[in-house]
Amino acid sequence: MPRVEAERYDPQAIEPPIAQRWYDERTYSLSPRPSADRSGDDTFYALTMFPYPSGDLHMGHAEIFTIHDALVRHLRMTGKRVLNPIGWDAFGLPAENAARDRGADPNRWTYDNIEEQRSTIVRLGYSFDWDTVLYTCDPVYYRWTQWLFLELLDAGLAYRKEGNVNWCDSCATVLANEQVVDGHCERCGAEVYRRPLTQWYFRTTEYADELLNGLEAIDWPERVKNLQRNWIGRSEGAEITFRTADEGAGGDPDEVVVYTTRPDTIFGATYFVFAPEHPLVTERMQGDADYDAFLEQVARRSELERVSSMSEERGKRGIRLNFDMLNPFTGETIPAYAADYVLMDYGTGAIMAVPIGDQRDFEFARQEGLEIRPIIRPTTDDGQLLEALDPETMTEAYLGPGVMINSGDYDGMPWEEAKERIIADVEAKGWGRARVNYRLRDWLISRQRSWGPPVPIVHCPECGEVPVPTEDLPIELPADLDFQVSGSPLDQHPTFKHDVSCPRCGNEDATRDVDTLDTFVDSSWYFLRYLSPEDDQRAWPKEAADAWLPVDQYTGGVEHAVLHLLYSRFVVKAMRDRGYLSADEPFQRLLNQGQVIMDGAAMSKSKGNLVVPGEVYEEYGADTLRGTMLFASAPEDDIDWADVSPTGMHKWLSRVWRLTLEHLDREEQGRAKDGADVDALRKATAAAIIGASEDLDVRKYNTAIAKMMTLTNAILDATRDGSGGPAVREALESLLALLAPICPFITEELWFRLGHATSVHEQPWPTADATLLEEAEVEIVVQVNGKVRGRITVPAGAEQDVVEAAARADDAVAAHLAGELVKTVYVPDKLVNLVVKG
RNA sequence: GCGGGUGUGCCGGAACCGGUAGACGGAGGGGCCUUAAAAGCCCUGGGACCUCGUGUCCGUGUGGGUUCGAGUCCCACCACCCGCACCA
């Protein structure tokens with residue numbers, strides 16, 4: 001019986017044993033280890049965002065890993081030494097919630113999920129290096145996360161301060177600004193509000209400028225770079241000092257600095273606004289019942305209400321204060337207010353209010369009946385005077401170009417010139433200075449949760465905040481935390497907090513810090529730890545970091561655009577400046593893979609449209625799952641699973657299987673002779689090799705697969721009559737090599753069946769002779785006045801007059817050549833266009 | 001409001017530098033094989049029109065423009081998606 005009939009393509013039979021062998025034999029582990037490898041030649045650091053172990057892998061994981069693995073396998077075959085590590089982002093709230101809700105042990109829960117994910121990863125043929133595995137919840141790892149914190153503390157880049165922080169009730173912890181989306185918690189969606197708390201921060205603002213400028217030098221999607229640019233929010237302006245109209249507690253007028261991007265409008269500053277909690281306001285308004293009520297009202301107001309600017313219900317936005325300010329330029333006394341539209345933590349927490357040129361000031365002035373003074377005469381962009389502004393009838397502030405009026409010596413100047421002159425004069429008079437400001441705030445890193453690395457700090461009544469000596473790290477989480485308590489389990493633990501003395505003075509009343517570090521701290525440096533995950537002497541070897549960083553290719557979801565990706569950039573820059581590495585950026589090239597959705601919507605259990613990788617590989621096999629994802633669309637585009645069908649991919653792989661087995665039968669029976677189509681097949685093979693290689697180099701997997709399918713069809717045609725010899729073997733072997741990065745199992749199996757002793761994945765990437773593609777005769781499109789009117793066949797490289805004559809001789813073409821021929825356009829070997837008049 | 005992105009058959013998507021629009025696949029339709037089914041294989045596959053051809057016209061969100069020639073370049077617009085936004 002022929003093999004084909006005896007053995008159908010059965011992925012369930014061939015895939016699991018191969019997968020298990022690759023895992024057991026650590027087939028894809030890098031040797032020598034990166035920590036020992038000092039040469040950067042021909043090396044490639046391929047990184048994919050490590051998974052959070054909240055359950056088994058979902059389709060999104062399969063998508064990211066499939067794209068990544070195809071890249072990695074292809075690179076290996078082209079001769080690169082690829083570092084391809086995997087690990088788990090294993091600290092975080094779900095484990096803690098499982099412990100609280102179901103009494104699970106978070107450690108056990110986490111590692112059970114990891115084991116499930118690991119076995120799925122292995123089953124799907126992802127060729128990770130199983131010698132570099134790391135777990136962020138392992139003390140071996142988080143010891144160094146704590147060390148990183150202490151390093152930044154020592155550098156002055158970590159500090160503790162009191163401030164109004166974002167609080168999520170449902171997660172029972174503070175959040176970083178980056179974790180608040182439209183006033184809601186990025187994790188759980190609950191509304192976030194502000195409350196004053198003393199927390200730990202990393203000084204990301206220290207690197208604001210470099211974080212912004214560094215984007216120029218990295219190859220990331222423009223979309224992500226823009227997200228970061230927006231987030232950093234650089235603006236140029238000036239700081240200007242205003243004085244109170246009266247004398248303060250010290251006997252002199254109090255000085256208040258404002259930040260403005262429009263110093264040119266200072267003559268229009270008809271009042272002054274403080275943030276409600278501004279220290280000068282709290283000092284001067286002490287004991288004022290109206291102010292206290294106002295403060296309370298502001299504090300109650302949620303972030304969301306504050307943001308919904310025009311809302312009717314938001315109520316009165318500010319109150320008149322019991323003092324006035326002086327406008328340094330006009331010398332006028334202007335009233336001072338406290339209003340919630342001025343934020344304490346942006347700029348200086350106080351503004352000069354220019355109602356004519358700022359929408360918020362305009363609205364507030366209208367509400368309070370304050371003067372709206374025109375200080376600018378609108379012009380067109382090229383300076384033509386337009387009608388003057390009339391404050392009586394205006395309905396919104398004027399933000400366009402113009403020339404200054406009512407502005408003393410600056411009258412008549414275009415506003416841009418006035419801005420420069422006023423900044424210069426402010427500096428000359430010692431009233432302030434030019435200043436660049438950022439929207440970016442420092443990163444709040446402490447969390448009131450207990451499944452994370454404890455902040456390695458001891459609070460001593462004598463010495464204050466004392467860092468734990470690095471030799472005492474890690475500060476381990478107690479194994480017996482009680483997650484049923486209300487509040488923080490770490491805080492409530494019987495011994496953790498108090499069983500410590502001050503490392504500096506030995507004071508027995510010292511206590512441990514009971515907060516833990518944000519999970520984004522864990523993931524801000526894991527790509528460095530992959531260089532030496534077991535090292536107990538240091539976080540990573542500098543030489544290895546210098547050889548392997550920046551990561552050549554990072555693949556992951558766009559949801560981390562301003563979280564993980566920004567934090568990692570900050571950490572690398574900070575550690576560079578501490579001398580621990582030389583790279584300026586962590587990730588040179590970034591790919592954001594698309595989402596896997598269903599019927600236009602995100603998949604979810606509650607919607608009942610969930611497809612999991614397990615179902616797909618059980619029905620069709622891992623190769624079909626991988627191939628389907630890569631063939632469906634470009635890696636960065638979303639895949640709607642309802643639109644794609646694994647059956648097409650499965651059909652094609654079955655065909656490859658069958659054609660190979662048929663060929664083996666022919667060889668075995670000694671009838672393997674090439675048929676009449678042998679030249680066409682050789683040409684098709686060369687075309688597939690050349691075309692697919694180009695596509696894979698730029699990660700166009702869908703078109704690469706299309707070219708492999710075309711070759712498969714050519715093999716089918718060449719063997720249809722039962723013939724097929726060396727040229728067919730060559731075509732099949734080329735096909736298997738090209739397909740190996742995408743469908744690693746079927747290619748491996750068939751490669752061995754074709755008699756090879758080593759894996760297809762160890763083969764050098766196939767090459768082809770491009771001259772095979774040269775044709776003796778070419779078909780030329782004949783156009784008349786740009787419309788296709790016929791096709792002719794001429795020898796390759798034919799001269800224009802030959803082609804033109806042949807074209808005119810064509811009946812269909814001649815029918816359109818009634819008018820006078822005025823021009824001929826000839827594109828050699830492709831097209832001739834005859835232009836006629838009339 | 002500001003910034004970024006995307007619009008091509010029934011569907012996913014191709015189309016290098018401006019040169020045959022719709023590669024490759026899916027769904028559909030027809031056929032071969034089979035007692036039948038599955039599997040496999042073959043044909044068809046944007047629209048309209050007619051004189052039914054090796055035919056004509058239309059067709060890449062809309063309207064203009066450049067060009068011998070535009071899905072591709074330029075201008076204006078429409079729709080949808082994403083991000084930012086009381087940031088002074």
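Quick note on labels: first sequence line is chain A, next is B, and so on, each numbered from 1.
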Should A:R789 be listed as having a side-chain N or O under 4.0 Å from OP1 or OP2 of B:rU56?
-> yes
Between A:G233 and A:I705, just flag the one whose closest nucleotide in RNA chain B comes earlier from the 5' side.
-> A:I705
Selected nucleotide, minimal atom distance to A:K830 side chain, candidates B:rC16, B:rC87, B:rC42 = B:rC16
Taking only the side-chain heavy atoms of A:R658 (C-beta and beyond), determine which of B:rG40, B:rG12, B:rG19 contains the nearest atom.
-> B:rG40
Interatomic distance where CG belongs to A:D638 and P belongs to B:rG13 [whole Å] = 9 Å
Distance, P atom - from B:rC49 to B:rC68, rounded to whole angstrom = 35 Å
Scan side-chain atoms only and decide if A:E363 and A:Q367 contain a donor-acceptor pair under the 3.5 Å cut-off.
-> no
Measure from CZ on A:R360 to P on B:rA88 and round the result to the nearest Å.
-> 7 Å
What interatomic distance, in whole Å, is found between C1' of B:rG71 and the corresponding atom of B:rC58?
-> 16 Å
A:T348 side-chain N/O to A:V257 backbone N/O, donor-acceptor pair under 3.5 Å = yes
Syn versus anti for B:rG18, judged by chi lying within 90° of 0?
-> anti
What's the CE-C1' distance between A:M598 and B:rG12, to the nearest Å?
-> 14 Å
Winner on side-chain proximity to A:K700, out of B:rA15, B:rG19, B:rG25, is B:rA15
Closest nucleotide among B:rU20, B:rC42, B:rA88 to the A:R791 side chain | B:rU20
Spacing between A:D358 atom CG and B:rC87 atom P, to the nearest angstrom | 7 Å
Reckon A:Q783 touches a base, only the sugar-phosphate, or nothing at all at heavy-atom distances under 4.0 Å?
-> base
Answer yes or no: does a side-chain N or O of A:Y259 lie under 4.0 Å from OP1 or OP2 of B:rA88?
-> no
A:E178 and A:Y567 side chains, donor-acceptor separation under 3.5 Å | yes
Which whole number of Å gives the distance between the P atom of B:rG29 and that of B:rG22?
-> 25 Å
Classify the glycosidic conformation of B:rC17 as syn or anti, calling it syn when the angle lies within 90° of 0.
-> syn
For the side chain of A:L227, counting heavy atoms from C-beta on, which of B:rG83, B:rC57, B:rG4 is nearest?
-> B:rG83
When rounded to whole Å, the CG to C1' distance for the pair A:D637 and B:rC82 reads 14 Å
So, is A:K787 near the phosphate of B:rC58, with a side-chain N or O under 4.0 Å from OP1 or OP2?
-> yes
Look at the rings of A:H560 and A:H564 and say which category their plane angle falls in: under 30° parallel, 30 to 60° tilted, over 60° perpendicular.
-> perpendicular
Ring geometry between A:Y341 and A:F364 (parallel below 30°, tilted from 30 to 60°, perpendicular above 60°) | tilted
Nucleotide of B:rA23, B:rC84, B:rG12 approaching A:A706 most closely (side-chain heavy atoms) = B:rA23
Rounded distance in Å between the C1' positions of B:rA14 and B:rU72 | 14 Å
If we take the P atom in both B:rC10 and B:rU62, what is their distance in whole Å?
-> 14 Å
Distance between P atoms of B:rG3 and B:rA21 (Å, rounded) | 37 Å
Base, sugar-phosphate alone, or nothing: which one does A:V781 contact when heavy atoms must sit under 4.0 Å apart?
-> base
When the nearest nucleotide of RNA chain B is assigned to A:N702 and to A:G786 on a heavy-atom basis, which residue is associated with the more 5' position?
-> A:N702
Look at the side chain of A:D829 and the backbone N and O of A:G797, then say whether any donor-acceptor pair between them is shorter than 3.5 Å.
-> yes
Using both distances under 3.5 Å as the test, list the Watson-Crick or G-U wobble partner of B:rC52, or none.
-> none
Of the nucleotides B:rG25, B:rA88, B:rG12, which one has an atom closest to the side chain of A:N713?
-> B:rG25
Minimum-distance nucleotide (side-chain atoms of A:R8 versus B:rC87, B:rA39, B:rG83) | B:rA39
Among the candidates B:rG83, B:rC42, B:rC11, find the nucleotide nearest to the side-chain atoms of A:L716.
-> B:rC42
Using the C1' atom as the reference point in each nucleotide, state the distance between B:rU6 and B:rU60 in Å, no decimals.
-> 14 Å
Backbone N or O of A:G594 within a donor-acceptor pair of the A:D637 side chain at under 3.5 Å?
-> no
Donor-acceptor pair present, A:N833 side chain and B:rC68 base, under 3.5 Å = yes
Choosing from B:rG25, B:rU20, B:rC87, which nucleotide comes nearest the side chain of A:R439?
-> B:rC87
Hey, can you tell me if A:F329 and A:W431 have their rings parallel, tilted or perpendicular (30° and 60° cut-offs)?
-> perpendicular
Report yes or no: is there a donor-acceptor pair, N or O only, under 3.5 Å between the side chain of A:R234 and the base of B:rC87?
-> no
Whole Å only: how far is the CG atom of A:D643 from the P atom of B:rC24?
-> 21 Å
Just how far, in rounded Å, is C1' of B:rU67 from CG of A:N785?
-> 13 Å
Atom-to-atom span, NZ of A:K707 to C1' of B:rC16 - whole angstrom | 10 Å
Report which part of the nucleic acid A:K225 touches: base, sugar-phosphate, or nothing (heavy-atom distance under 4.0 Å, all strands).
-> nothing
Considering only the C1' atoms, how many Å lie between B:rA85 and B:rC11, rounded to the nearest integer?
-> 38 Å
